[in-house]
Amino acid sequence: RDDVRWDRTRVVMLLMSFVSIGIGWSRIQVRTQRKNSLYRHRLQFESVLRGKRSWSSSETSMNDQKSQSNHGPVVVWFRKGLRIHDNLALASAVKYATQSKSTILPVFTLDPYFLDPEKVGAVRLSFLLESLCDLDLNLKKFGSALLLLKGSPDSVLIDFLQSKNASALYFERDSEPYAKKRDAEIVQLCEKSNVKVFTEHGHTLFDLEYLLKQCTNKKAPSSMPEFLRLMDSVGNPETPLSLERVLGVSNTNEKLDPCLQIPAEYLDSDSFKIPKSLEDDEDLVKSGYRNIDASGAKFKGGESEALLMLESFCKRDSGKAVEQFSKPHTSPCAFDPQSTTGLSAYLKFGCISARRFFHRIVSKAKTQPPVSLVGQLYWREHFYLLGYAHGASFSTMKGNALCRQIDWRTTEEEPDFARAWEEGRTGFPWIDACMRQLRQEGWLHHLARHSVACFLTRGDLWISWEFGQKVFDRYLIDADWSINAANWMWLSCSAFFHQYFRVYSPIAFPKKYDKSGHFVRKYVPELKDIPDKYIYEPWNAPADVQKKAKCVVGIDYPRPIVDHSVASKQNMDRMSIAFAANKESNASTSKTTPPTKRMKKA
DNA sequence: AATTACGTTGGGAAA
DNA sequence: TTTTCCCAACGTAAT
């Protein structure tokens, strides 16, 4: 029997290999064509640098450069993209500055809009400062440096451009609503000040505007299978640039490019210094970052660290970690080290290029998107594209075309539930451990995020996902506007995912990964001596067991704030009502605006 | 038009 | 221990 099956398998495989040769060949043809088109793009890209018209959707087009007499410095404005490798804005600026024999001035503006512990937690701000320091060091290897400007970009950046008589401004486009508005204002002000502005894509695998144009009906895919078809149609992203290659040097010692030599006056001045830590900086302390603990941070910000982490993950388990990577099989309970790459925050700030990450691992993987490592980059791309296409409404329930309208309870209605969840005092060890890890380290495994998000919304507490989104946005070092909003809609069954009867149990779910509760014992130390049997449900431990573990529920550790089996069932009923109501309202809105189909029929 | 297959990662009993 | 099916049953897209 086995032999027969084996033979049949071999025959099938043999046939398939012929077929796949055919497929492979047509793929090669497609790839070649695509390469050509990429190459064409590259040529046009070069021509941008020579002063011709831009092929990309730069906000302002460039006039004939040769007629320009302004040889003032070229300012590169860093916001995300805190790296020198594969930085298209920096690379373009280098070419422009070389042509116009001018100097590059890299700047970062520390925008007071973000300097609020309610918006940006101490751990993420520390990560940013570390990333800025590292970028400064990396620029210094080339004779340059990062200049920090404190204040709102529309005043400090514009003042800087004017006072230095800058000829051009370069930056990487940002798809988030706040950034888009901010950048549009800067472009306008630059036009008035006669500073030319050039923008490049770079934060995502593809230029989002380009991706949107490739979509059928210019509508961003709303499911992963649909998004994968889009990825299939556009092929691989461009290979990453290195600054050395842009400069035409093999190493930094060879020769320092003149356009990157920063005048000594900038290095000597104290006014552009990057604070080493939150407490060291008077302005940050004034903004409220006083007595705020960032010591739990586990990830050190910066490009250098990101590249080391990528390499070390590639070596993990002799390459098997990358080869066999399958997200659902990674553990949310692993913390030393975590089971995933831990690169999310570095991608968020652009300390590492998504394209560099992609090309480093794409040929190694034996698993497929969406569970593979490339799949993880695709999820990021997918949600970035959706956020870009839908704009500001993407992160709110009301006015959001994608989002199911649900009568969640507000934090005002359930202040105790909301606070217990945020502070890790729900009485569910798994939920509390996750929330405490979030607050200490600013990072959680994806599945841990699922658990706590489900618990807050449709699972147990029936509190609005917008509250959860805000809390995540405050504490996560990798807080990413699009990704955060999309995942909160997903987990709360507001969009993308609809199977509301699939609820994560705060007791059963972690048992699959961590039977003895190492994770809980680390982050909720008051439970550390509770026997394995009760680690996820200490209220069920007999009184003498609780006493012996020096953890009496109700005294040393809170009682569970809800009965999970009761609450989750009640919420399923609420969900079914909410789904029906949405169906109803969707039907009535489509009635008021009759579709063209009906016209045809008539 | 009606039906079916599927969706990155649920839980739990039974086999 | 691992796999399979059922729970009560979603929306979307393909057929």
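Given the structure is predicted, the values throughout are model-derived calculations rather than measurements. Below, chain A is the first sequence line, B the second, and so on; all start at residue 1.
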Exercise. Take A/Asp532 and A/Lys511 through the salt bridge (Lys or Arg N to Asp or Glu O under 4.0 Å) test and state the conclusion after the steps.
Key: CA-CA 10 Å; A/Asp532 292 4; A/Lys511 277 187 192 165; over 6 Å; no
Distances under 3.5 Å between nitrogen or oxygen atoms of protein and nucleotides 4-10 of chain B:
residue	atom	partner	partner atom	Å
B/dT8	O2	A/Pro370	O	3.3
B/dT8	N3	A/Trp379	NE1	3.2
B/dT8	O4	A/His446	NE2	3.1
B/dT9	O2	A/Pro328	N	2.6
B/dT9	O4	A/His446	NE2	3.2
B/dG10	O3'	A/Val503	O	3.4
B/dG10	N7	A/Arg502	NE	3.3

Quiz item: Rounded to the Å, how far apart are A/Met575 CE and C/dG11 C1'?
Solution: 13 Å
Quiz item: In terms of side-chain geometry, is the basic nitrogen of A/Arg355 or A/Asp86 positioned less than 4.0 Å from the acidic oxygen of its partner?
Solution: yes
Quiz item: Between B/dG12, C/dA13, C/dG11, which one does the side chain of A/Arg404 approach most closely?
Solution: C/dG11
Self-check item: Exceeds 12 heavy-atom contacts within 6.0 angstrom, atom NZ of A/Lys320
Solution: no
Quiz item: Looking for any heavy atom pair under 4.0 Å, which part of the strands does A/Arg458 touch: base, sugar-phosphate only, or nothing?
Solution: nothing
Self-check item: Span that lies between the P atom of C/dA9 and that of B/dA1, in whole angstrom
Solution: 27 Å
Quiz prompt | Identified side chain to side chain contact (heavy atoms under 4.5 Å, CB included) counterpart of A/Tyr557 within the set A/Val552, A/Ile530, A/Leu527 | solution = A/Leu527
Practice problem: Could you check A/Arg439 against A/Glu423 for salt bridge (Lys or Arg N to Asp or Glu O under 4.0 Å), going step by step and ending with a plain yes or no? | Solution: CA-CA 8 Å; A/Arg439 287 158 63 105; A/Glu423 293 171 4; 5.2 Å; no
Exercise. Round to a whole Å and report the spacing from CG of A/Asn571 to P of C/dA9.
Key: 15 Å
Practice problem: Select from A/Asp573 and A/Arg229 the residue whose nearest nucleotide in DNA chain C is closer to the 5' end of that strand. | Solution: A/Asp573
Quiz item: For atom P, what is the distance between B/dT8 and C/dC5, given to the nearest Å?
Solution: 22 Å
Quiz item: Once you round it to whole Å, what is the distance between P of C/dA13 and CG of A/Leu228?
Solution: 15 Å
Quiz prompt | Residues A/Glu305, A/Lys300; criterion salt bridge (Lys or Arg N to Asp or Glu O under 4.0 Å); working and verdict | solution = CA-CA 7 Å; A/Glu305 181 73 10; A/Lys300 185 175 177 262; 5.4 Å; no
Quiz item: When the distance from NZ of A/Lys515 to C1' of C/dT2 is rounded to whole Å, what number comes out?
Solution: 12 Å
Quiz item: Thinking salt bridges, do A/Glu466 and A/Lys398 make one under a 4.0 Å N-O criterion?
Solution: no
Quiz item: How far does the P atom of B/dT3 sit from the matching atom of C/dA8, given to the nearest Å?
Solution: 23 Å
Quiz item: Just the dot-bracket of DNA chain B, please: which string comes out with Watson-Crick or G-U pairs under 3.5 Å, [ ] for crossing, | for another strand?
Solution: .||||||..||||||
Quiz prompt | Test ring pair (Phe, Tyr, Trp, His ring centres under 6.0 Å) applied to A/Phe127 and A/Tyr346, A/Phe299, A/Trp443, A/Tyr475, the passing residue | solution = A/Tyr346
Quiz prompt | Validation row: A/Phe455, A/Met435 side chains within 4.5 angstrom (heavy atoms) | solution = no
Practice problem: Calculate the interatomic distance between A/Phe227 atom CZ and C/dT12 atom C1'; express it in whole Å. | Solution: 18 Å
Quiz item: Could you state the OH-P distance from A/Tyr500 to C/dA8, rounded to the nearest angstrom?
Solution: 12 Å
